[in-house]
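Have a look at the structure below, then the notes.
Small disclaimer: the values here were computed from a predicted structure and weren't measured. Count residues from 1 along the sequence.
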Amino acid sequence: MLLRVGIDDTDSKENMCTTYVGAVAIERLKAHNIVAQNHPKLIRLNPNWKLKTRGNCAVAFTVKVQNHQVPLVKETVLKTVEELAELHVETTNPGVVFCQGEKIPTKLKVFSKKVVQDIVTIEEAEALAREIGAEAHKFKLGRGIIGALAAIGNTLERDWTFELIAYRTPENRGTPRKVDAASVAEMDAKTYPNTFDNLDPSTGEIRITPHTPCPILYGIRGESPERVREANELVRALEPIEHTIIYKTNQGTDEHLKKVKIAEAKPYWSIIADGAVCLAPRIITGGHVIFRIRDETGEIDCAAYEPTRQFREVVKKLIVGDRVRAYGGIKEKLELPLTINLEKLAILKLAPALRKENPKCPSCGKRMKSEGKNKGYSCKRCKIKAPAGSAKVVRLKREIDLGKFEVPPRARRHLARPLIREVHVKFPTREF
Ligand code: ATP
């Protein structure tokens with residue numbers, strides 16, 4: 001029989017990572033000759049969820065077992081979570097879900113999508129587990145059953161990527177990570193775009209090593225298990241690696257985004273909204289750039305925050321009337337308009353940039369001055385006048401083009417699909 005296992009909410013800001021807990025559980029089962037089928041899943045959940053520790057991820061895997069092995073699997077997984085989870089930290093509330101059967105119930109798939117795009121409650125998760133006959137184990141508040149169910153229910157049918165994760169040995173955790181930067185640059189040069197987000201092109205900064213005190217040494221993201229494995233051969237770690245795992249993931253797929261009219265947008269959602277710029281970009285304290293768009297239903301602010309760096313340069317050049325498609329998460333806010341934290345921006349139509357030019361003095365060639373509304377123009381020096389209506393409206397060259405623009409890797413959300421994937425990935429089963 002197929003037994004599906006979901007795990008979530010095991011880490012704290014100071015330690016651990018649910019991907020590691022999953023990887024250890026899988027290793028321990030392997031020692032009993034119980035092998036996870038295909039690739040285990042690393043599922044990123046709603047990136048705007050306020051109770052997430054870091055990247056809001058959960059893991060799931062499936063094992064094929066005989067009836068008599070089921071208790072062993074359950075005991076191994078539960079003991080691993082109990083041993084490794086940061087249970088002493090108040091905000092860590094692990095959940096483990098076991099679900100038997102060949103097919104994933106449609107209701108679970110629907111729930112799974114909701115956890116990526118919206119908010120659900122622990123009660124909703126418990127009711128669903130009961131309904132589909134899944135076994136949900138709660139540690140403390142057990143909030144993790146939400147992510148555990150969502151990870152089992154996400155079948156990664158539309159689009160998917162892979163991540164190879166290398167874990168540090170316990171004695172090195174919490175110390176600076178030692179990975180040869182030149183080898184990462186070489187790996188990127190040889191494997192991009194089959195792997196992506198290895199480096200930030202504008203700063204050269206390595207993106208495969210996290211900056212948190214978790215057990216991960218590095219993670220390589222790519223289009224297939226073969227590609228991330230090849231890339232891993234090129235990376236030179238300068239400290240021991242405990243073990244590696246390859247997860248199939250929804251990272252880099254835009255699964256979190258839903259297309260809405262502006263008035264439908266809600267805090268915590270991630271949306272795609274079309275509109276016309278109705279308030280020109282302005283730079284606020286901290287270097288953030290804000291502008292406003294409007295459709296027939298309402299208005300919403302769009303923000304390109306300082307960490308998005310050069311992306312802001314595109315945003316700054318928008319003018320009132322430009323038609324755009326904004327992609328991004330909506331921050332929690334009580335008053336309207338809400339704000340989209342931009343991940344991507346498509347410029348669909350450019351409005352003409354017009355400037356009124358006063359007539360030139362026929363004698364000295366300098367621009368004449370207005371005498372007041374409808375009073376015409378004059379050159380004070382040459383004492384020459386020109387009638388009202390003799391100013392010309394000229395069209396200025398716009399400094400931006402139509403197209404799609406994205407934030408750099410350093411500011412990218414795990415779920416956001418890098419533009420290179422849209423160009424590069426040609427798998428017929430994947431929709432863009
Ligand atoms: P880790 O890297 O260990 O997975 P994390 O950043 O993913 O950490 P968690 O510690 O797992 O964050 O905390 C998120 C908690 O919120 C989990 O209990 C999860 O089940 C729950 N959760 C995630 N997404 C949602 C959602 N959309 N609605 C309600 N609860 C959610």
Side-chain contact test, heavy atoms from C-beta onward, threshold under 4.5 Å: evaluate it for N46 versus V115 and give yes or no. no
Answer yes or no: is there a side-chain heavy-atom contact under 4.5 Å between I43 and L45? yes
Would you please test I7 and V77 for side-chain contact (heavy atoms from CB on, under 4.5 Å) and show each step? CA-CA 9 Å; I7 307 172; V77 173; 4.0 Å; yes
Do T80 side-chain atoms and A25 backbone N/O form a donor-acceptor pair below 3.5 Å? no
Determine whether F111 and I146 satisfy the following criterion, side-chain contact (heavy atoms from CB on, under 4.5 Å), listing intermediate values before the conclusion. CA-CA 9 Å; F111 173 87; I146 295 171; 4.3 Å; yes
Below 4.5 Å, heavy atoms only, C-beta onward: do L141 and D9 meet side chain to side chain? no
When you measure from the side chain of E313 to the backbone of Q310, do you find a donor-acceptor pair of N or O atoms at a distance under 3.5 Å? no
Assign the ring pair Y167 / H243 to parallel, tilted or perpendicular, where the plane angle (0 to 90°) is split at 30° and 60°. tilted
Say whether, by atom type as modelled, one donor and one acceptor occur between the side chain of D322 and the main chain of A351 under 3.5 angstrom. yes
Backbone N/O of R44 and side chain of N250: donor-acceptor pair under 3.5 Å: yes
State whether D274 and K259 are salt-bridged, where the test is any N-O pair (Lys NZ or Arg NE/NH1/NH2 against Asp/Glu carboxylate O) under 4.0 Å. yes
For K369, look at atom NZ and say whether over 12 heavy atoms of other residues, nucleotides or ligands are found less than 6.0 Å away. no
Would you say S12's side chain and E14's backbone share a donor-acceptor pair under 3.5 angstrom? yes
Minimum side-chain heavy-atom gap E406-E422 below 4.5 Å: no
For residues I245 and Y20, determine if any side-chain heavy atom of one lies less than 4.5 Å from a side-chain heavy atom of the other. no
L149 CG to L108 CG distance, which is reported to the nearest 0.5 Å: 6.0 Å
For D11 and C17, indicate whether the former's side chain and the latter's backbone hold a donor-acceptor pair under 3.5 Å. no
Is the closest side-chain heavy-atom distance between R4 and V97 below 4.5 Å? no
Ring-face cation of R417 near Y327 (centre distance under 6.0 Å, axis angle within 45°): no
Carboxylate-amine/guanidinium proximity below 4.0 Å for R221 and E163: yes
With a sphere of 6.0 Å drawn around CZ of R367, does it hold more than 12 non-hydrogen atoms of other residues, nucleotides or ligands? yes
Smallest heavy-atom separation, I152 atom then A60 atom, equals N-CB, 3.7 Å
Short N-O contact, E242 and R173, less than 4.0 angstrom: yes
Do L42 and I165 pass the side-chain contact (heavy atoms from CB on, under 4.5 Å) test, and can you show the C-alpha distance, the side-chain angles, and the key distance before you say yes or no? CA-CA 11 Å; L42 184 175; I165 304 179; 4.0 Å; yes
For the student: nearest non-hydrogen atoms of I220 and V228, plus distance: O-CG1, 3.4 Å
Correct closest heavy-atom pair for G287 and R312 would be O-NH1, 2.8 Å
Atom of A326, atom of L342 and distance for their closest heavy-atom approach: CB-CD2, 3.7 Å
Could you tell me whether the side chains of T161 and Q251 share a donor-acceptor contact shorter than 3.5 Å? no
Nearest 0.5 Å, please: how far is CG in D159 from OG1 in T249? 9.0 Å
Rounded to the nearest 0.5 Å, what separation is found between the CG atom of L238 and the NZ atom of K178? 8.5 Å
Step by step, work out the salt bridge (charged side-chain N to carboxylate O under 4.0 Å, His left out) result for E399 and K397. CA-CA 6 Å; E399 284 167 11; K397 189 175 173 311; over 6 Å; no
K140 and E90 ion-paired at < 4.0 Å: no
Could you check whether any side-chain heavy atom of R412 comes within less than 4.5 Å of a side-chain heavy atom of R207, counting everything from C-beta outward? no
With distance as the sole test, does R143 use its side chain to make a donor-acceptor pair with the main-chain N or O of G95 at under 3.5 Å? no
Dump the intermediate steps for side-chain hydrogen bond (donor to acceptor under 3.5 Å, both in side chains) on T62 and N38, then the final yes or no. CA-CA 8 Å; T62 307; N38 305 318; over 6 Å; no
Going by atom types only, do N194 and E230 share a side-chain donor-acceptor pair under 3.5 Å? no
Kindly check if the number of other-residue, nucleotide or ligand heavy atoms within 6.0 Å of NZ (K107) is above 12? no
Would you confirm whether D295, through its side chain, and G298, through its main-chain N or O, come within 3.5 Å as a donor-acceptor pair? yes
Note: I216 and R177 closest approach over all heavy atoms is O-NE, 2.7 Å
Answer yes or no: is there a donor N or O on one side and an acceptor on the other, between the side chain of K261 and the main chain of E296, under 3.5 Å? no
For the atom pair CZ (R323) and CG (L350), what is the distance rounded to the nearest 0.5 Å? 12.0 Å
For the residue pair R413 / N56, report whether a side-chain donor-acceptor contact shorter than 3.5 Å exists. no
Are the side chain of R410 and the backbone N or O of P307 linked by a donor-acceptor pair below 3.5 Å? yes
For Q117 against W269, the heavy-atom pair lying closest together: O-CD1, 3.6 Å
For the pair R355 and E357, find out whether any cationic side-chain nitrogen is under 4.0 Å from an anionic carboxylate oxygen. yes
Measuring from N172:CG to E239:CD, what's the distance to the nearest 0.5 Å? 4.5 Å
Under a 4.5 Å cut-off applied to non-hydrogen side-chain atoms, are C278 and E299 in contact? yes
Taken to the nearest 0.5 Å, the spacing of I340 CD1 from I262 CD1 works out to 6.5 Å
Is atom NZ of K360 surrounded by more than 12 heavy atoms (other residues, nucleotides or ligands) closer than 6.0 Å? no
Of E255, K113, K248, which meets side chain to side chain donor-acceptor pair (under 3.5 Å) against N154? E255
Residue pair I319, V277: steps toward the side-chain contact (heavy atoms from CB on, under 4.5 Å) verdict: CA-CA 7 Å; I319 62 169; V277 176; over 6 Å; no
Going by atom types only, do E86 and T92 share a side-chain donor-acceptor pair under 3.5 Å? no
